[in-house]
Student: 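I'd like to ask some things about the structure below.
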Amino acid sequence: MQSDDQKTVTGTLGTLRKLQENFYVALHKIDKKILPRELIYGKNNELKIENEKVIKYLKGNYDGTAETTDIIVPHGSYIDRLLYFVYKGCSGDLHISPQKTSKYTVQALIYAFMDMLLWLKDKSNKR
């Protein structure tokens, strides 16, 4: 969290993106109705997560179709903003060239992810 070295920053962002995928797997394991298997796994049980589809599903408007699900994450809520912030912050900054992501951005993303974990803990306690 303290490094400005761009290789370290890139590695940290990549790790954080993987942690967010594991966050969704944990959410799926808490309750299979919260996140269905097809949003988590692909063929041969491979992890295949498309963040935007998962976030839309959690907000009750999966793929923008008329089909709705239960709203797990209210639109515009704190957790909704965290999900997008971590997703966009990690994915977007990983693909910027030349990368000039500061340690402060990395710190903000890590703290946001920690808040997501607190929300996950709260969700698991309610199940």
Side-chain angles (χ1 to χ4, degrees):
M1 284 179 49
Q2 298 301 321
S3 179
D4 278 320
D5 175 64
Q6 291 306 298
K7 288 183 181 181
T8 302
V9 167
T10 299
T12 303
L13 293 177
T15 300
L16 193 55
R17 185 168 66 179
K18 287 290 182 195
L19 286 171
Q20 187 174 25
E21 291 176 355
N22 288 316
F23 171 87
Y24 294 134
V25 171
L27 193 55
H28 170 72
K29 287 181 179 180
I30 288 170
D31 187 343
K32 310 273 189 274
K33 293 176 188 173
I34 292 177
L35 271 180
R37 181 174 178 71
E38 60 268 13
L39 287 174
I40 303 295
Y41 299 102
K43 294 180 181 179
N44 301 324
N45 215 25
E46 295 172 16
L47 197 61
K48 185 178 185 329
I49 295 174
E50 295 178 44
N51 278 291
E52 293 208 31
K53 284 186 179 182
V54 169
I55 293 169
K56 283 182 181 181
Y57 186 89
L58 291 172
K59 290 177 11 178
N61 55 357
Y62 178 62
D63 279 344
T65 65
E67 296 177 32
T68 59
T69 61
D70 291 337
I71 297 173
I72 307 301
V73 176
H75 179 73
S77 67
Y78 181 64
I79 188 67
D80 179 31
R81 292 190 310 262
L82 289 177
L83 291 170
Y84 269 114
F85 176 64
V86 173
Y87 161 58
K88 292 290 188 181
C90 291
S91 295
D93 282 1
L94 278 173
H95 301 293
I96 293 174
S97 184
Q99 186 176 19
K100 294 187 187 229
T101 306
S102 75
K103 65 183 177 185
Y104 303 110
T105 300
V106 172
Q107 291 169 6
L109 290 167
I110 290 172
Y111 290 131
F113 182 75
M114 289 178 179
D115 277 352
M116 288 169 47
L117 292 178
L118 291 173
W119 178 83
L120 181 67
K121 179 183 172 193
D122 185 55
K123 268 294 183 210
S124 67
N125 288 337
K126 290 181 180 177
R127 296 284 174 198

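Computation of the quantities below employed the complete heavy-atom set of this structure, encompassing side-chain atoms and omitting hydrogens, waters and symmetry-equivalent molecules.
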Student: Judged by modelled atom types alone, do N51 and Y84 share a side-chain donor-acceptor pair under 3.5 Å?
Tutor: no
Student: Compute whether any side-chain donor of one residue and acceptor of the other, for Y111 and Q107, lie under 3.5 angstrom apart.
Tutor: no
Student: About how many Å separate NZ of K33 and NE2 of H28, when rounded to the nearest 0.5 Å?
Tutor: 13.0 Å
Student: Could you go through R17 and S91, starting from their C-alpha distance and side-chain angles, then the distance that decides it, and tell me whether this counts as side-chain contact (heavy atoms from CB on, under 4.5 Å)?
Tutor: CA-CA 7 Å; R17 185 168 66 179; S91 295; 3.6 Å; yes
Student: Would you find a donor on one side and an acceptor on the other, under 3.5 Å apart, between the side chain of N45 and the backbone of Y41?
Tutor: no
Student: Go through T105 and L109 one step at a time and tell me if the side-chain contact (heavy atoms from CB on, under 4.5 Å) criterion holds.
Tutor: CA-CA 6 Å; T105 300; L109 290 167; 4.1 Å; yes
Student: Let's go through K88 and E52 carefully: what are the C-alpha distance in whole Å and the side-chain angles of both, what is the deciding distance for salt bridge (Lys or Arg N to Asp or Glu O under 4.0 Å) to 0.1 Å, and is it a yes or a no?
Tutor: CA-CA 10 Å; K88 292 290 188 181; E52 293 208 31; 3.2 Å; yes
Student: Test of understanding: with salt bridge (Lys or Arg N to Asp or Glu O under 4.0 Å), list the residues that count as partners of K121, not counting sequence neighbours.
Tutor: none
Student: L117, L19: one ILVMFWY side-chain cluster at the under-4.5 Å cut-off?
Tutor: yes
Student: Kindly say whether V73 contributes a backbone atom to a donor-acceptor pair with the side chain of S77 at under 3.5 angstrom?
Tutor: no
Student: If we only count heavy atoms from C-beta on, is the D80 to I55 side-chain gap below 4.5 Å?
Tutor: yes
Student: Determine, step by step, whether L35 and V54 satisfy the side-chain contact (heavy atoms from CB on, under 4.5 Å) criterion, reporting the C-alpha distance in whole Å, the side-chain angles of both residues, the deciding distance to 0.1 Å, and the verdict.
Tutor: CA-CA 8 Å; L35 271 180; V54 169; 3.7 Å; yes
Student: List the steps and the verdict of side-chain contact (heavy atoms from CB on, under 4.5 Å) for W119 and Y78.
Tutor: CA-CA 10 Å; W119 178 83; Y78 181 64; over 6 Å; no
Student: Taking NZ, NE, NH1 and NH2 as the nitrogens, is one of them in E21 or K48 under 4.0 Å from a carboxylate oxygen of the other?
Tutor: no
